[in-house]
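Step one of this worksheet: look at the structure below.
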Amino acid sequence: MEVNQVTLDALVDTEWLEVVRVRARVRLVESVVSKDIDATTSIDIHTPYGQMVECLSFLYAMVTVCASFDERLLARWAEGESSRADHLWGSIEQPESFQRLAETYLSGVRIDGDGNWEVPMNDFIEICPKISGSYWRLPNRPIKNGWVTLSPYSSENSQQRLSRLLKERIRTQLIKECRERMERMDEAFTGRMAGEVGRIVGLLQHQATSEVSFTSAEEGDWPPCMQEITTQLAQSVNINHVGRVFLASMSRVIGLTVDQAQAFFVNAPDYSADTTRYQLNHVFEHEYTPAGCPKLQINACCPVSRGDVKSNLCSRDWMDHPLKYLRARQRSKHREEQQKAPAPSE
Ligand code: SF4
């Protein structure tokens, strides 16, 4: 802002900054519609002009979010922007540049002899409770003299793991900073932003009404993996640990009770009411996220990848999580119902 001599007032209505406002709207819409911001942009961020547009559009989007005083919009925008940083930073090719960025969010970072990034234990302890998955539990991480090693995991290298950690810190800081800005925002400025805010909040509301709750999922909407596991359990086929945890966590996400989830397991060959209850309670209380398709496939829980079942949805390029399957099924049902609804009479 200072370098380019652009004030907040100028950003709101100066004509030559329209390109910045347009880019900011795109960033906002992306975060509202997909909760994620596409890391690609037509703006070349390697030029001073591109960098200026990116910086100012980020600021304009932030100011719009603050002027909305809408916590849902704030949460979605912060998630989108932090995800964007996660994607971009995970692929930075110069370790020195990545280190400089990481150091602005952590008290320190360093690389060990194996080329893995390490972070101070206090930073890790502060951030990791907000990230799900056993990788992020301190007892599962190597620690050397107060430094936690972020070793590669699954398909992610150490830099991508550290970017994931940084995403959480960025998200928290964005939310904190926006709340502080909201406190300082005066009525006159909020009024000037009313049109901009109205557009994005309207989109958010439209998005919320067209999103269908998972809790209305009927059995016909369940992904083939979930259908197969429940059928096999009913037939007393032994299901492996990954499949059981997946079924328990899916049950929670689609709004079943612990009792209803327990009913799936009563015919399991090793069924014990107390043990099952204990394990289900654990999954529900800790809000486990269901495993994604790659994990289910590796653990023989995906009938589509084994060729036992055909599914158009599961064959799509973007299909990497059973919740996406559920969401896609519900969206198409929702659309069909809307098309069938009688047109309003005159
Ligand atoms: S592709 Fe994914 S959603 Fe479909 S059955 Fe396999 S694991 Fe389930």
Side-chain angles (χ1 to χ4, degrees), residues 33-36 38 79 83 86-87 131-136 152-156 160 164 207 210-258 260-269 276 279-280 282-284 286-337:
V33 173
S34 64
K35 299 182 198 163
D36 201 0
D38 190 344
E79 175 64 26
S83 293
D86 181 0
H87 292 145
I131 313 179
S132 58
S134 56
Y135 180 96
W136 300 104
Y153 180 75
S154 190
S155 57
E156 292 203 327
Q160 288 164 332
R164 175 67 188 87
Q207 184 72 8
S210 60
E211 277 179 0
V212 187
S213 160
F214 280 136
T215 56
S216 63
E218 292 165 4
E219 193 169 336
D221 299 331
W222 295 356
C225 42
M226 185 175 176
Q227 296 202 13
E228 183 186 68
I229 292 170
T230 53
T231 307
Q232 291 194 333
L233 279 171
Q235 294 167 349
S236 297
V237 175
N238 200 14
I239 296 295
N240 63 27
H241 177 71
V242 171
R244 289 175 188 226
V245 175
F246 167 70
L247 179 58
S249 52
M250 280 296 280
S251 302
R252 182 189 72 77
V253 171
I254 66 173
L256 300 185
T257 63
V258 173
Q260 288 168 322
Q262 183 150 3
F264 288 134
F265 294 89
V266 289
N267 286 327
T276 304
Q279 288 168 341
L280 282 171
H282 187 79
V283 169
F284 274 58
H286 290 81
E287 300 184 356
Y288 277 32
T289 307
C293 301
K295 183 168 181 185
L296 293 167
Q297 285 157 0
I298 289 168
N299 288 281
C301 297
C302 171
V304 176
S305 71
R306 288 200 312 269
D308 293 348
V309 168
K310 290 211 180 329
S311 159
N312 287 341
L313 267 182
C314 289
S315 325
R316 303 274 165 83
D317 286 346
W318 48 262
M319 178 56 67
D320 58 7
H321 203 288
L323 289 178
K324 286 191 181 172
Y325 181 99
L326 206 51
R327 181 72 81 195
R329 286 278 306 168
Q330 291 184 309
R331 279 229 172 89
S332 73
K333 258 174 60 181
H334 184 67
R335 269 199 299 271
E336 279 166 23
E337 277 161 20

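Order of listing sets the numbers, starting from 1, for every ligand and every atom in it.
Here Asp317 pairs with nothing under the salt bridge (Lys or Arg N to Asp or Glu O under 4.0 Å) rule; sequence neighbours left out. Among residues two or more places apart in sequence or in another chain, the ring-ring contact (aromatic ring centres under 6.0 Å, His included) test is passed with Tyr288 by His282.
Heavy-atom contacts from other residues, nucleotides or ligands closer than 6.0 Å to CG of Asp308 number more than 12. For Phe284, the CZ atom sits in a packed shell: over 12 heavy atoms of surrounding residues, nucleotides or ligands are nearer than 6.0 Å.
Sorted by chain and number, the protein atoms of type N, O or S within less than 2.8 Å of atom 4 (Fe) of ligand 1 are Cys314 SG.
Scanning all heavy atoms of the two residues, the minimum distance from Phe264 to Leu233 falls at O-CB, 3.4 Å.
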Please table the atom pairs, donor to acceptor, closer than 3.5 Å between any side-chain atom in residues 224-231 and protein atoms at least two apart or in another chain.
residue: Gln227; atom: NE2; partner: Glu219; partner atom: O; Å: 3.1
residue: Gln227; atom: NE2; partner: Trp222; partner atom: O; Å: 3.0
residue: Glu228; atom: OE1; partner: Arg306; partner atom: NH2; Å: 3.1
residue: Glu228; atom: OE2; partner: Arg306; partner atom: NH2; Å: 2.6
residue: Thr230; atom: OG1; partner: Met226; partner atom: O; Å: 3.1
residue: Thr230; atom: OG1; partner: Gln227; partner atom: O; Å: 2.9
residue: Thr231; atom: OG1; partner: Gln227; partner atom: O; Å: 2.7

